[in-house]
Undergrad: 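Sending over a structure as structure tokens; questions will come in a sec.
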Amino acid sequence: MDDLRAVGVDILTLGQYLRPTINHLPVQRFVAPEEFDSYRAAALARGFVECVAGPLVRSSYRAEQALARNNAGLGTGGIASR
């Protein structure tokens, strides 16, 4: 996260790898929703404008809401005040 902020990244999405077929790498562990909440809090504390984090999040997941600084109710942290 620090490296991304250092080069000016403002919006971060974090998701869970899910094995699409038997021919792909297996999932090593499932990340709990609470862990995603802590990742989001860490990202906001580092200065990201928005971080959308959750098990099914993809890079374009709710992108319009993220750009509007509205995490669309994901997690429990709400939007950081700036």
Side-chain angles (χ1 to χ4, degrees):
M1 286 186 201
D2 294 330
D3 290 343
L4 292 171
R5 281 301 302 141
V7 295
V9 173
D10 289 325
I11 297 175
L12 180 63
T13 57
L14 301 171
Q16 169 76 56
Y17 169 77
L18 300 173
R19 187 179 194 181
T21 72
I22 195 81
N23 298 319
H24 290 79
L25 293 172
V27 173
Q28 294 297 311
R29 72 178 181 94
F30 288 99
V31 179
E34 298 80 18
E35 190 171 348
F36 280 112
D37 289 344
S38 69
Y39 292 146
R40 180 171 188 268
L44 295 176
R46 284 175 169 79
F48 284 91
V49 171
E50 183 56 281
C51 176
V52 183
L56 299 178
V57 170
R58 297 296 174 259
S59 60
S60 62
Y61 188 82
R62 300 185 185 196
E64 184 176 338
Q65 291 92 336
L67 285 170
R69 296 185 183 183
N70 176 1
N71 203 14
L74 296 175
T76 56
I79 303 302
S81 58
R82 295 192 40 83

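The figures here come from the full heavy-atom set of this structure, side chains too, leaving out hydrogens, waters and symmetry mates.
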Undergrad: With distance as the sole test, does R19 use its side chain to make a donor-acceptor pair with the main-chain N or O of I22 at under 3.5 Å?
TA: yes
Undergrad: Are any non-hydrogen side-chain atoms of F36 and V52 less than 4.5 angstrom apart?
TA: no
Undergrad: With rounding to the nearest 0.5 angstrom, report the CZ to CG distance, F48 to L12.
TA: 5.0 Å
Undergrad: Do other residues, nucleotides or ligands put more than 12 heavy atoms under 6.0 Å from Y17 OH?
TA: yes
Undergrad: For the CZ atom of R46 and the CG atom of D2, what is their distance to the nearest 0.5 Å?
TA: 4.5 Å
Undergrad: What distance do R29 atom CZ and Q16 atom CD have between them, rounded to the nearest 0.5 Å?
TA: 7.5 Å
Undergrad: Can you find a pair of side-chain heavy atoms, one from L14 and one from M1, that are under 4.5 Å apart?
TA: yes
